[in-house]
> 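For reference, the structure I am asking about is given below.
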Amino acid sequence: MSETLAVIDFETSGLGPANGGRATEIAAVLVRGGAIVGEYQSLMHTGVYVPPFIEQLTGISNEMLEGAPPAEQVMREVAEFTRGCPMIAHNAGFDRGFWQFEMRKAEIEPDPAHEFACTVLLARRLYPEAPSCKLGQLARWHELPDMGRAHRALADAKTTAHLLIRMERDIEQQFGQELGVAPVRHELLARLQKANKTALKRCVADYAAVWRRRAQQPLPLQA
DNA sequence: TGCCAGGCCCTCTTTAGGGCCTT
């Protein structure tokens, strides 16, 4: 059973909406069956001022944002693009904060499927020997494909997608016995990111048992 | 013009503090 996950990445004018930070660019990459199957990217105009440090970091200038589509339009497009897909982000607390803020600003109804899982938390558990859990460091450490300029939304979202695919493969290899025939789905990723690092095997085994029980239940009758 | 945060984890902890990660 394959599940489509949406990997998202924001570029922003600051570290949080609470201090006036706004999104400047968003990318969403759809991952299914161990492969990237779709992508969306757009700059977005909110009227926010981009400080020189951020402009240097991301390459996104105030002039570029002047001609960008309005944030409300972009959020509607990306919400439709990711509809029904659980979300993945690197340091998900950051992207979730901007996602919820920009969705509210655009007056878009929240999608209950948009639960976030975090590749930083997962990496800390799966790869404790990694030199760091920064996205670029993990990409080099795993020798993931080069997706282009870092700190642009699509490049970072694609790199995170490749990291996610690598993690799914490593989970299957590392916990194959506990996992049995249960697939690596978003629910398992969300559980693993919160599990005590010494109890990963038990977490995977519990997930697999629940999944098998569900799989044995008859499908509900159609109305 | 250009400042700034917050959630999470680990441990020399739990009545706390420091580091990581994102722009």
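From a predicted model like this one, the values you see are computed outputs, not experimental measurements. So you know, we letter chains A, B, ... as the sequences are listed, proteins then strands, and number each from 1.
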> Please measure how far the C1' atom in B:dC9 lies from the corresponding atom in B:dC4, and state the result in whole Å.
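Those two atoms are separated by 23 Å.
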> Using atom CZ of A:F53 as one end and atom P of B:dT1 as the other, report the distance to the nearest whole Å.
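That distance rounds to 18 Å.
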> Got a donor-acceptor contact below 3.5 angstrom from the A:H45 side chain to the A:L65 backbone?
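Yes: the side chain of A:H45 pairs with the backbone of A:L65.
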> In residues 127-141 of chain A, which ones come under 4.0 Å of DNA chain B, going by heavy atoms?
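Those residues are A:S132, A:C133, A:K134, A:L135.
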> I'd like to know if the side chain of A:D95 reaches the main chain of A:A89, judged simply by a donor and an acceptor atom lying under 3.5 Å from each other, with no hydrogens or angles considered.
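No, A:D95 side chain to A:A89 backbone: no donor-acceptor pair under 3.5 Å.
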> Between B:dG6, B:dT23, B:dC20, which one does the side chain of A:R124 approach most closely?
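The answer is B:dC20, which lies nearest to the side chain.
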> What do you reckon, is CD of A:Q73 surrounded by more than 12 foreign heavy atoms closer than 6.0 Å?
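Yes, because the 6.0 Å sphere around CD of A:Q73 holds more than 12 heavy atoms from other groups.
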> With sugar-phosphate meaning primed atoms plus P, OP1 and OP2, does A:N62 contact a base, only sugar-phosphate, or nothing at under 4.0 Å between heavy atoms?
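It contacts nothing in the nucleic acid.
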> Would you say A:R212 has more than 12 foreign heavy atoms packed within less than 6.0 Å of its CZ?
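Atom CZ in A:R212 is packed in, count exceeds 12.
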> What is the distance, rounded to the nearest whole Å, between atom CG of A:N91 and atom C1' of B:dG19?
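The distance from CG of A:N91 to C1' of B:dG19 comes to 13 Å, rounded to the nearest Å.
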> Which whole number of Å gives the distance between the C1' atom of B:dG2 and that of B:dG7?
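Straight-line distance between the two C1' atoms is 25 Å.
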> Would you mind reporting whether A:L43 and A:I60 have side-chain heavy atoms less than 4.5 Å apart?
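Yes, at least one pair of side-chain atoms sits under 4.5 Å.
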> Taking B:dT11 as the reference, what is the distance to B:dC3 when you measure between their P atoms (whole Å, please)?
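Nearest-Å result for B:dC3 against B:dT11 at atom P: 35 Å.
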> Considering only atom P, compute the distance from B:dT15 to B:dC21 and round it to an integer number of Å.
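Pairwise P distance, B:dT15 against B:dC21, rounds to 27 Å.
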> Starting the side chain at C-beta, find the nucleotide from B:dC21, B:dT23, B:dC4 nearest to A:N19.
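Minimum distance to the A:N19 side chain belongs to B:dC4.
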> Report yes if a side-chain nitrogen or oxygen of A:H90 is closer than 4.0 Å to either non-bridging phosphate oxygen (OP1 or OP2) of B:dC21; otherwise report no.
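Result: no.
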> Would you please name every residue forming a side chain to side chain donor-acceptor pair (under 3.5 Å) with A:E39, sequence neighbours left out?
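Only A:K158 meet the side chain to side chain donor-acceptor pair (under 3.5 Å) criterion with A:E39.
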> With rounding to whole Å, what would you report as the distance between B:dG6 and B:dT13 at their P atoms?
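Pairwise P distance, B:dG6 against B:dT13, rounds to 27 Å.
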> For A:R22 and B:dT23, what is the distance between atoms CZ and P respectively, to the nearest whole Å?
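That distance rounds to 18 Å.
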> Do A:F175 and A:D170 make a side-chain contact, defined as non-hydrogen atoms from C-beta onward lying under 4.5 Å apart?
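Of all side-chain heavy-atom pairs linking A:D170 with A:F175, none is under 4.5 Å.
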> Looking only at side-chain atoms of A:A18, point me to the closest of B:dT23, B:dC9, B:dG6.
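From the listed options, B:dG6 comes nearest.
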